[in-house]
Amino acid sequence: MEAMVLYGFWRSVRASRFFNFTNRAYNIMTKPETILVLDFGSQYSQLIARRIRECNVYSRIVPFRIAAEEIRKEAPVGIILSGGPASVYQDGAPHCDPAILELGLPILGICYGMQMIVQTLGGKVARGKAREYGKAEVESTAESPLFAGVPGKTQVWMSHGDKVTELPRGFKPFASTSNTEFAGIQNPERSIYGIQFHPEVAHTPCGQQILSNFCRLVCQCEGNWNMISFIESAVREIREKTQGEKVILGLSGGVDSSVAAALIHKAIGDKLTCIFVNNGVLRKGEAEQVHELFGGAFHIPLKYVDATDRFLDKLANVTEPEKKRKIIGHEFIEVFDEAASEIKDVKFLAQGTTYPDVIESVSIDGNPSAVIKSHHNVGGLPAKMNLKLLEPLSRLFKDEVREVGRKLGLPEEMVMRQPFPGPGLAVRLIGPVNRRDLEILRNADEIIVEEMKNAGFYYKTWQTFAVFIPVKTVGVMGDERTYESVIALRAVDSRDGMTADWVKLPYELLGRISSRVVNEVDGVNRMVYDITSKPPGTIEWE
Ligand code: XMP
């Protein structure tokens, strides 16, 4: 079985672009055209940046408090003011530095962002008669570059309680709804635009066209942000930053650290050493796959540390999930530190930190603040090791990280891997971790993944995995009574792991998985399907 998995994995490695990736001189750029998104606390700020990047323009979220001078130094090609939950006329409502509106840069205000522009420039905003939430039809009432190629009447998504009642001098409306004559406003001489609706959400079908119009027709962007140009500039930046010094990276086998490893290796070759710690709670074949891919196909210097015994000894008799987490986290730092100390003169620790790891939306609860999160899985390492951090993916969203991985030739199985918790199978094996139950869990998990892949469901779900339940129940196999363990199947859909829905898998597939697990995995005689969403459940059982 394992050989089959490895064979499939290898076939995709060979077929992947790694083997014919060339170093063509792609449109090298020094600094990408950038549109800054000033975050006023909208739940959609990240989505706005994401959509702008889909227009091949780099976009970054900044707190609304950013000074005009700072923006001038950064020299973006345009600015978007996000929506937000506040009312512009409330005491303490978030306002950007008014000088930003005088920088001469193209500006697009969305919902709250538009209302703030109106109020700042001398117009009026008032509480609407009714809160407008949901789909609305917007009608174009005058020419506007924002609406180029957009039908005269189109569906949009509204979410606001306030509305613009009087425009500032120099502004004219170009779109209306039955609820407001100012659904779209513009001052083309100053390149300032406002829309009351949300173009970034899927419920506004022409939203991407509108944002693209802002990028191309208003900000005059060429559109040079793509993952090939990112790789070119990241490679240059990594070389400049590391200056020939050695770098180590903790490879977990997950997408982020794998892509970071491939990217850094492209930049500095053997100056990078990856350290892969087998903590004894990995899935079946995982250690071998990482070892083969990075040490083998990619020829990246790889230090493989099999610390299974060390971890499992410490975990024996531990039931409490938080305690398991702490033990694994602490032990990982120790083992990693020991392995790293055997590599002389290392100056940098690389991490696969991504953009959502470093940015958190501004929280508007009277006290807006931008919170920077530390990378949870390797927290504590940099400080302990006194190394400089290298985080080449920190500007990328997850799907961009995957695309970089593809461009660097990582196989599809690797770039599309499902999230896997740092504490691994220890939080999927309920009760004390021991080798026998781990073996049962691994074997069941392998069958689940295989059947989900065969049925074309694996990559469509956020996570699919087995959970070992330390309960024995009676069964009958052949003529014999059995008394064995229970395996649960968990399959969930999610956008970010914060909420999740259980997946309505076809009965035939559930039946096939159950039949194979019960028949093929020694020690299991019953399988159940977890039909709990999050909330109220969590994704992992722990
Ligand atoms: P829960 O179980 O809280 O999980 O609904 C949400 C997402 O987070 C993952 N998860 C973890 N990831 N270290 C990690 O790196 C952890 O300790 C951890 N616990 C949960 C989980 O797999 C899901 O994707």
Side-chain angles (χ1 to χ4, degrees), residues 46 249-260 276-283 286 290 311 314-315 318-333 335-336 351-358 360 373-382 391 393-394 397-399 401-402 414-431 433 441-442 444-445 448-449 452 457-469 488-503 529-542:
Q46 285 201 27
L249 177 143
L251 204 53
S252 70
V255 180
D256 302 343
S257 66
S258 299
V259 173
F276 179 74
V277 176
N278 186 344
N279 58 9
V281 282
L282 300 174
R283 284 162 295 186
E286 199 161 13
V290 170
F311 278 86
K314 288 250 159 58
L315 286 169
V318 181
T319 304
E320 231 273 90
E322 275 311 305
K323 207 161 165 206
K324 289 180 183 173
R325 271 206 178 79
K326 286 216 172 79
I327 290 172
I328 293 171
H330 178 263
E331 207 55 28
F332 176 81
I333 292 177
V335 174
F336 189 88
Q351 290 187 169
T353 313
T354 63
Y355 193 44
D357 292 328
V358 293
E360 211 170 70
K373 292 193 278 183
S374 65
H375 202 264
H376 53 273
N377 279 342
V378 283
L381 260 185
E391 298 179 309
L393 307 178
S394 63
F397 287 106
K398 191 75 173 193
D399 47 349
V401 172
R402 294 192 207 279
M414 179 62 85
V415 294
M416 289 308 291
R417 270 168 86 109
Q418 296 184 348
F420 185 61
L425 298 183
V427 291
R428 294 181 179 173
L429 194 157
I430 314 308
V433 178
L441 179 56
R442 281 198 181 105
D445 196 69
I448 289 172
V449 171
M452 288 289 287
F457 269 93
Y458 189 72
Y459 295 114
K460 286 192 209 148
T461 57
W462 168 265
Q463 273 171 303
T464 316
F465 54 87
V467 181
F468 179 90
I469 309 174
L489 167 63
R490 187 79 168 128
V492 293
D493 271 340
S494 176
R495 262 184 51 197
D496 50 15
M498 304 299 282
T499 60
D501 286 324
W502 64 278
V503 183
Y529 189 32
D530 182 353
I531 51 168
T532 322
S533 290
K534 173 182 178 177
T538 50
I539 294 176
E540 305 291 347
W541 277 38
E542 314 202 10

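Each ligand, and each atom within it, is numbered from 1 in the order the structure gives.
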Query - Heavy-atom pair of closest approach, residues V255 and R402 - result: CG2-NH1, 3.6 Å
Requested in this report: May I ask you to check if ligand 1 and R325 share an N or O to N or O distance below 3.5 Å?
Outcome: yes
Query - W541 touching ligand 1 at heavy-atom level, < 4.0 angstrom - result: no
Query raised in the report: When you check the side-chain N and O atoms of Q418 and Q463, is any donor under 3.5 Å from an acceptor?
Result: no
Query raised in the report: For atom 23 (C) of ligand 1, which candidate among M498, Q463, Q418 holds the nearest heavy atom?
Result: Q463
Report task. May I ask you to identify, for P423, whether its side chain, its backbone, both or neither come under 4.0 Å of ligand 1 on a heavy-atom basis? Result -> side chain
Query raised in the report: Counting heavy atoms only, which of E542, K324, E540, K534 is nearest atom 3 (O) of ligand 1?
Result: K534
Report summary line: Heavy-atom proximity to atom 13 (N) of ligand 1 ranks first, among G422, P419, S252, G254, for G422
Report summary line: Near W462 (heavy-atom distance under 4.0 Å), the atoms of ligand 1 are 24 (O)
Query raised in the report: Between N278 and F311, which heavy-atom pair has the shortest distance, and what is it?
Result: O-CD1, 4.4 Å
Query raised in the report: Does D256 pair with K398 as a salt bridge, N-O distance under 4.0 Å?
Result: yes
Query raised in the report: Taking atom CG of L425 and atom CZ of F420, what is their separation to the nearest 0.5 Å?
Result: 4.5 Å
Query raised in the report: Short list, please: which atoms of ligand 1 are under 4.0 Å from a heavy atom of G497?
Result: 6 (C)
Requested in this report: In plain terms, say whether R325 and E542 are close enough for a salt bridge, that is, a side-chain N and a carboxylate O under 4.0 Å apart.
Outcome: yes
Query - Distance, nearest 0.5 Å, that separates CG of D445 from CD of E286 - result: 9.5 Å
Report task. Using distance alone, determine whether I539 and ligand 1 share an N or O pair under 3.5 Å. Result -> yes
